[in-house]
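Chain A is the first sequence line, chain B the second, and so forth, proteins listed ahead of strands; every chain is numbered from 1.
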Amino acid sequence: MKKIEAIIRTSKFEAIYSCVAGLGVKFLTFYEVKGMGLEQARPQTYRGVAYEPAFIPRTKLEIVTVDALVQPVIDCILNEGATGEVGDGKIFVYDVLEAYRIRNKEQGEDAL
Amino acid sequence: MKKIEAIIRTSKFEAIYSCVAGLGVKFLTFYEVKGMGLEQARPQTYRGVAYEPAFIPRTKLEIVTVDALVQPVIDCILNEGATGEVGDGKIFVYDVLEAYRIRNKEQGEDAL
Amino acid sequence: MKKIEAIIRTSKFEAIYSCVAGLGVKFLTFYEVKGMGLEQARPQTYRGVAYEPAFIPRTKLEIVTVDALVQPVIDCILNEGATGEVGDGKIFVYDVLEAYRIRNKEQGEDAL
Amino acid sequence: MNQEIFTINNLWILVATILVFIMHLGFASLEAGLTRSKNTVNILFKNTLIPAIGLLTYAFIGFNLMYPGDAFAGMFIGLGGIGLSLPEGWNTSEYADFTFYTDFIFQAMFAATAATIVSGAVAERIKLGPFLTFSILYVGICYPIVGMWKWGGGFLDTLETPFYDFAGSTIVHSVGGWGALVGAYLLGPRIGKYTEKGMKAIPGHSIPMATIGVFLLWFGWFGFNGGSVLSADPGEVSLVFVTTAIAGAAGAFGALLASYLKFKTYDITMVLNGILAGLVGITAGADLMGPGEAAIIGFVGGILVVLGVVFFDKLKIDDPVGAIAVHLVGGIWGTLAVGLFGDLAGGAQVLSQLIGIGATAAFCFGTSWLIFFSLKRTIGIRVPAAEEIEGLDINEHGMHAYPDFAKQG
Amino acid sequence: MNQEIFTINNLWILVATILVFIMHLGFASLEAGLTRSKNTVNILFKNTLIPAIGLLTYAFIGFNLMYPGDAFAGMFIGLGGIGLSLPEGWNTSEYADFTFYTDFIFQAMFAATAATIVSGAVAERIKLGPFLTFSILYVGICYPIVGMWKWGGGFLDTLETPFYDFAGSTIVHSVGGWGALVGAYLLGPRIGKYTEKGMKAIPGHSIPMATIGVFLLWFGWFGFNGGSVLSADPGEVSLVFVTTAIAGAAGAFGALLASYLKFKTYDITMVLNGILAGLVGITAGADLMGPGEAAIIGFVGGILVVLGVVFFDKLKIDDPVGAIAVHLVGGIWGTLAVGLFGDLAGGAQVLSQLIGIGATAAFCFGTSWLIFFSLKRTIGIRVPAAEEIEGLDINEHGMHAYPDFAKQG
Amino acid sequence: MNQEIFTINNLWILVATILVFIMHLGFASLEAGLTRSKNTVNILFKNTLIPAIGLLTYAFIGFNLMYPGDAFAGMFIGLGGIGLSLPEGWNTSEYADFTFYTDFIFQAMFAATAATIVSGAVAERIKLGPFLTFSILYVGICYPIVGMWKWGGGFLDTLETPFYDFAGSTIVHSVGGWGALVGAYLLGPRIGKYTEKGMKAIPGHSIPMATIGVFLLWFGWFGFNGGSVLSADPGEVSLVFVTTAIAGAAGAFGALLASYLKFKTYDITMVLNGILAGLVGITAGADLMGPGEAAIIGFVGGILVVLGVVFFDKLKIDDPVGAIAVHLVGGIWGTLAVGLFGDLAGGAQVLSQLIGIGATAAFCFGTSWLIFFSLKRTIGIRVPAAEEIEGLDINEHGMHAYPDFAKQG
Ligand SMILES: Nc1ncnc2c1ncn2[C@@H]1O[C@H](COP(=O)(O)OP(=O)(O)O)[C@@H](O)[C@H]1O
Ligand SMILES: Nc1ncnc2c1ncn2[C@@H]1O[C@H](COP(=O)(O)OP(=O)(O)O)[C@@H](O)[C@H]1O
Ligand SMILES: Nc1ncnc2c1ncn2[C@@H]1O[C@H](COP(=O)(O)OP(=O)(O)O)[C@@H](O)[C@H]1O
């Protein structure tokens, strides 16, 4: 079991979701985060003061999945999430020691 | 040291919190996330157009704790977080390499 | 590659960011979380009912970086993030198996 | 009366009508502000329909129930007909200081207020259908019957020392207040309000909306009270403006003082409630008091509203917006104050005021109990617990009030 | 007319002017509420400038185009001059029942309404510059020309059976509605509204703002219709108040019924649109109807708005706030209703009403097509897709409406 | 004067009173909108208490200080008594064109404006207690003394060429503006506003609230200026309506142009400030100007407000809402404009205007320095840094304005 964490463009969420759903990934979690990176946030002005808001809003996606699906999921994100411009984001992969389904206390890969 | 990540029903937060506090867990972090899963989001309509909002709001809980407490914490979540209906959520366990308390630079298990 | 997760005081974000940027860390992600811990949330009252909101708003910082930079980054956070009072937060370190840059499919440390 | 004065009087009552109209937005904003964002569509939906219900039912039957005509003088109930039929000389001073239609529309705007008051107290847990049913019956039938007792020439008006209620501390506000009390009681408190570990605060979702609401209510109150002079008489209307302004201002300070002493905190929601309690308090005698008396009445009203909120919380009657404390407690206080201060003060007047308060209490408590209880026993009045927790907006309306914004845990 | 009556009439028209003024806040709130938070600064920016544009262009040329003087009676177009020049006796009853300046300012407040209606329909995707250009031309030139046809003594007023439009169902609301239709059509729908998988809902970001907007509009409408009596005549103004109130209330129920039957949901945005449709509907004949007829006109208006929203969605004409259904459909219905109900009902009147509707349709459709199409072919009228997705606020204004709040995904 | 005209005049002043009342909601909304959500309860708390303070202190002493009676004509200060005592014939035209109570309540509504203006400039960092203390003293004593100089028959009114200030560009707005300047200066800027790395923007939390505020202010301004005619005279009131409307509209465009040229951005907050500056500018001479002159005064006011905001930022005087630029700069400009344009234009008038501006400057600067400085040296006027960072709402009120919504980092 691995956890795939991807920081993506919010506008790419739907495309990525369709792709991973097509692989049989039934569950995922996501939330809004802010990023600092190469991409510059769009400059804003307020009452004559130009300022750069310190961050760019992004979506973070978390999918825990069986080892066999890790590469296909990553490919989905790489293919569907890229525009080729700075700001496309990153993917990180982590090891997962254990998983449980709260509803019925199933454990391990069954719980995913 | 392990990190326990649980995606739970927002309404179950208080019960789970009391349970883990009873185990002596003094710290935890949580935030709002959105989930896709077996549970369907309640259909909404707006000006005659029915639509399913793509996600369900959920709470994500993060607890880093010593190995000895991992199973009790998981049991708390499994027991207090379940309704038996689709949508109860998941628990994932990860390894933690190191921990620090910022206040006094304590390190390792002392920092938890 | 390691992932450094720090739960910090929101007010310390800028100081920490300058410090790690000085180390050459070009990317980071952060978001608002809520914490339970030793620090007590400020009591609130509403229409005569005193209540303690269950949590304190905090910022969570995530930096994935090469092993060589882990200790310097942690030192930044420990030094810049501390006030010496309860509530300064924690740092956790995790292992990262793999990383990708979505823009150009770079992999591994190049992707950071 | 000459045509010029007739035209001025008529114009003022129409302007006052518009001011009373906007009070409905005031109520909508206040109630939405003091409840949670998961129930905001629901409360706005109700408060948007209430003026519509008020206008239509009042045209259909209410106006005739409230002003059944001289034949029913001194009585409890009467019905002059159904619908609106233009009397002879309706648009001349033969009819009154204003036209028939002006009379109707000004009164009709008052009517819906009774139900609006209730909607705040029962918010966040009542089913939509039963609430609307209650509103139609209460606004369409109960309110005009009580109104008739005094304003329609009924028995309260023909007491030896007539009951006095200038613009409706009892006849409008307490009528709403009793419905609010019964509704909140029969529904029971919101989930999580009174727990084993004690009372929990359930903060409203938008202090700005609540503040906007109270300012709009105060704004409209100048029409509510000022229009109740039923003419543009310079002396009377200007006196009423002064007492209305002063009582509201003093109410703010009464509530500020009481809430600071009791809770050691500067609670804006209490100050807002205090303004309203001051306004409700002055309503019964706005034309009888001087500025000093208005200040006392308002100030005491502001104190009472804080004690009232605490009191009903002790009884575990859960009123998210403080409607019972404002309109019922404030309404009783204002009605009594007519016997204690100002031009009519005196023992006989106190007695008459108590008769009016008591009669209204009995009738409104009884009828609203009857309506709410029948609904409870038949179709049920409370949404299921799961709906309540998730919010009425998504369950009753399939919609969120603020779909763009992330929610606090 | 004596000085007293002159003063009263003048005062009422001025008070009505203020009420019409606040309708601009009503439109701003409604349109902001029914669109997404990423475009809120943009819509508020436009709706703040529109009354300013209306006032200035109307002073510069509009007033003279709309009221060119008797020499142009029965004609299509005329221009009395440029700017405001005080006529002899401007501040006496020689001029009218009110002063020249009162006349101007009341009319000027009406003028901007036409552009405000358009701004809702084209929201969330139109470029700022082209929209302001359109507004200036449409408010400054097109609106007053149509207004002249009837209110300025033009050809619609001199038909054998004169076209009748009391306060502007056609002359104000449909004029705006046609511009809205053309604008929304030429722009195309918002990205993501009509997809291969069917229509998608794009919920507005704040139901409270939308509700506040509609209440303020209703509030102002008492001045819009009541002031159109052009005097404080007690009978007429009070009748107009009653029909305006009843039609709005009935519109709420018409839309509630229709939307519940069609969608099985209690949609507050439809109820709000229904109120407006009822108000637009009664506007043409507010002084001709009794309460019962007002109720029918309002109720049908409320039903029509729901059908209209569905209809334009079928045509893939994307109107985020329902402006076309409210102002165009409602305006046509109200104008026709003058031939079907009330004092003027009859075949000849229906014909005249149709002539007025048709002439307005042709002219407004034509001119707004001309303006929008020229702009489209030259500087372009639609923001780039990336801007639209990210939001107009940050792209056109470099600013967020709610910088403190976290956004829902 | 006959009873009819007396009644009409009285009615108009009362209606104007209500319009001025709602300006307090306008200020509350504008100031809340242009500050951060962590300080929203605090700003609303203050702005809710201010009208209450204004009404009560004005009844207690202010009215008597401002209108001490003929015995004090030509002087600097006078006191006619304490509290309100009804003069002979108070409700007849013996007293004035309106009743004594009408006089009082209209003036009282003006009074609180001075403190409201200050509250915006000192927002987000001032302690509650000291602010309320300042407000009571400034509204209760300083404002009426300045008012007396002109409107109470004091020395500015008895200059050879009397100082002219129709509705208070100087006497109301600059009075507030000076207090705002002193307060903002003595408090120092908000943490993080002027850093070593330069100036940082601190965006307000709700553009919709700010917009609602400005519309309500404009709405109320028709009463502020229109009521200052002190009668319903058709010619005068209608002229004042036109100049008020045009100046606001032109102010929008002045600010739009200036801010676009300077910052290359369409900044709605500047347009909103521009409208207000146009309105403040026309206030001194609203009855003296024609539409063209009103347009120039408003347009220049709109430009000045943008320059003013930049200027005070350069001086590191931190004014979150632009109150100093709007009310002080705009007020001075409007007062001067009376000498430059319109019926009174001329060198002698310019001189008198400068005397009025100067005297007000000296007195208001002096007294507000005295009050703020004494408070600073004793109980302190600024909240601790930690409180400021965390927000005044939670620290001074133990409450959040929007507890349901997640916050942006
Ligand atoms: N090493 C990292 N640790 C944490 N977050 C990262 C890291 N690298 C990138 N991110 C996140 O990903 C976002 C996208 O980075 P971006 O500037 O788009 O990278 P690139 O230009 O390489 O495509 C950043 O805003 C940040 O939130
Ligand atoms: N493998 C996974 N990876 C990431 N998030 C998951 C995963 N499985 C479940 N979740 C999260 O948990 C939530 C609950 O899943 P749910 O549909 O309730 O599962 P179940 O029906 O098995 O109880 C989902 O909405 C999603 O946010
Ligand atoms: N073991 C843990 N697991 C998850 N979150 C933690 C843990 N320890 C601390 N935190 C987070 O860090 C925040 C800061 O803790 P705090 O009370 O400041 O600790 P300390 O007093 O030791 O400095 C907490 O509110 C919580 O969000």
Side-chain angles (χ1 to χ4, degrees), chain D residues 2 4-5 7-9 11-12 15 19 36-38 203-208 210-212 214-216 218-219 222-223 226 231-242 245-246 248-253 256 263 265-269 271-272 275 290-292 295 402 405-409, chain F residues 2-11 13-15 17-18 21-22 24-25 28-29 32-33 40-41 44-45 47-49 51-56 59 83-84 86 90-92 98-105 108-109 128 206 209 212 393 396-407:
Chain D
N2 64 30
E4 289 79 15
I5 291 290
T7 306
I8 304 169
N9 288 343
L11 180 60
W12 168 233
V15 170
L19 292 168
R36 288 164 292 177
S37 62
K38 64 184 178 183
H205 88 282
S206 174
I207 299 298
T211 307
I212 288 175
V214 167
F215 268 96
L216 289 179
W218 198 348
F219 176 71
F222 289 105
S231 83
D233 180 85
E236 276 194 68
V237 179
S238 62
L239 170 62
V240 167
F241 266 55
V242 171
I246 297 276
F253 280 97
L256 177 59
F263 318 129
T265 175
Y266 302 105
D267 187 329
I268 189 172
T269 70
V271 171
L272 295 173
I275 290 171
Y402 305 97
F405 296 97
K407 294 282 153 57
Q408 191 80 271
Chain F
N2 65 30
Q3 184 63 18
E4 288 78 16
I5 290 290
F6 177 70
T7 305
I8 304 169
N9 287 343
N10 188 74
L11 181 61
I13 306 307
L14 288 177
V15 170
T17 299
I18 318 178
F21 170 77
I22 207 66
H24 289 292
L25 176 57
S29 299
T40 301
V41 170
L44 293 173
F45 191 90
N47 284 36
T48 301
L49 283 185
I53 289 174
L55 287 163
L56 297 177
L84 298 179
L86 282 179
W90 70 271
N91 59 352
T92 67
F98 33 79
T99 74
F100 171 80
Y101 278 136
T102 299
D103 191 9
F104 162 72
I105 195 75
M109 285 300 174
L128 189 60
S206 174
M209 277 200 79
I212 289 176
D393 287 4
E396 304 252 305
H397 304 275
M399 201 183 271
H400 288 295
Y402 304 97
D404 283 15
F405 296 95
K407 293 284 154 55

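- Atom CG of residue D:D233 and atom CG of residue F:N10 lie 8.5 Å apart, to the nearest 0.5 angstrom.
- Taking the centre of each ring, D:F241 and F:Y101 stay at or above the 6.0 Å mark.
- One finds the OG1 atom of F:T7 at 7.5 Å from the CG atom of D:N9 (value rounded to the nearest 0.5 Å).
- For a residue to count as touching a neighbouring chain, one of its non-hydrogen atoms must lie under 4.5 Å from one of that chain's; by this rule F:N47 touches chain D with the backbone only.
- Among all heavy-atom pairs drawn from D:G204 and F:P403, the shortest one is O-CG, 3.1 Å.
- Between the CZ atom of F:F98 and the OG atom of D:S238 there is a distance of 11.0 Å, given to the nearest 0.5 Å.
- Within the 4.5 angstrom heavy-atom criterion, no atom of F:I13 approaches chain D.
- Note that the CZ atom of D:F219 and the CG atom of F:L25 stand 9.5 Å from one another [nearest 0.5 Å].
- Among residues two or more places apart in sequence or in another chain, the ring pair (Phe, Tyr, Trp, His ring centres under 6.0 Å) test is passed with D:H205 by D:Y402.
- Heavy-atom pairs under 4.5 Å with chain D peak, among F:T99, F:L14, F:I105, at F:L14.
- Heavy atoms only, all atoms of each residue included: F:E396 and D:Y266 are closest at O-CD1, 3.4 Å.
- Only the side chain of D:V271 comes within contact range of chain F, judged by heavy atoms closer than 4.5 Å.
- Here D:L239 is the residue among D:T269, D:L239, D:L216, D:L11 with the most heavy-atom pairs under 4.5 Å with chain F.
- Only one option out of D:L272, D:I207, D:L256 pairs with F:F45 in a side chain to side chain contact (heavy atoms under 4.5 Å, CB included); it is D:L256.
- Of the listed residues (F:I5, F:I8, F:T17, F:L44), the greatest number of heavy-atom pairs within a distance under 4.5 Å of chain D belongs to F:L44.
- Residue F:A401 touches chain D through both its backbone and its side chain, counting heavy-atom pairs closer than 4.5 Å.
- Interface summary for chain F: among D:P234, D:A245, D:G235, the most heavy-atom pairs under 4.5 angstrom belong to D:P234.
- Side-chain contact between D:D267 and F:H397 is absent, with no heavy atoms from C-beta onward closer than 4.5 Å.
- Interface residue D:S206: backbone and side-chain heavy atoms are both found under 4.5 Å from chain F.
- Here F:M399 is the residue among F:M399, F:Q3, F:M209 with the most heavy-atom pairs under 4.5 Å with chain D.
- Side-chain contact between F:T48 and D:F215: present, with at least one pair of heavy atoms (C-beta onward) separated by less than 4.5 Å.
- Counting heavy-atom pairs closer than 4.5 Å to chain F, the top residue among D:G223, D:P203, D:A249 is D:A249.
- Interface residue F:H24: backbone and side-chain heavy atoms are both found under 4.5 Å from chain D.
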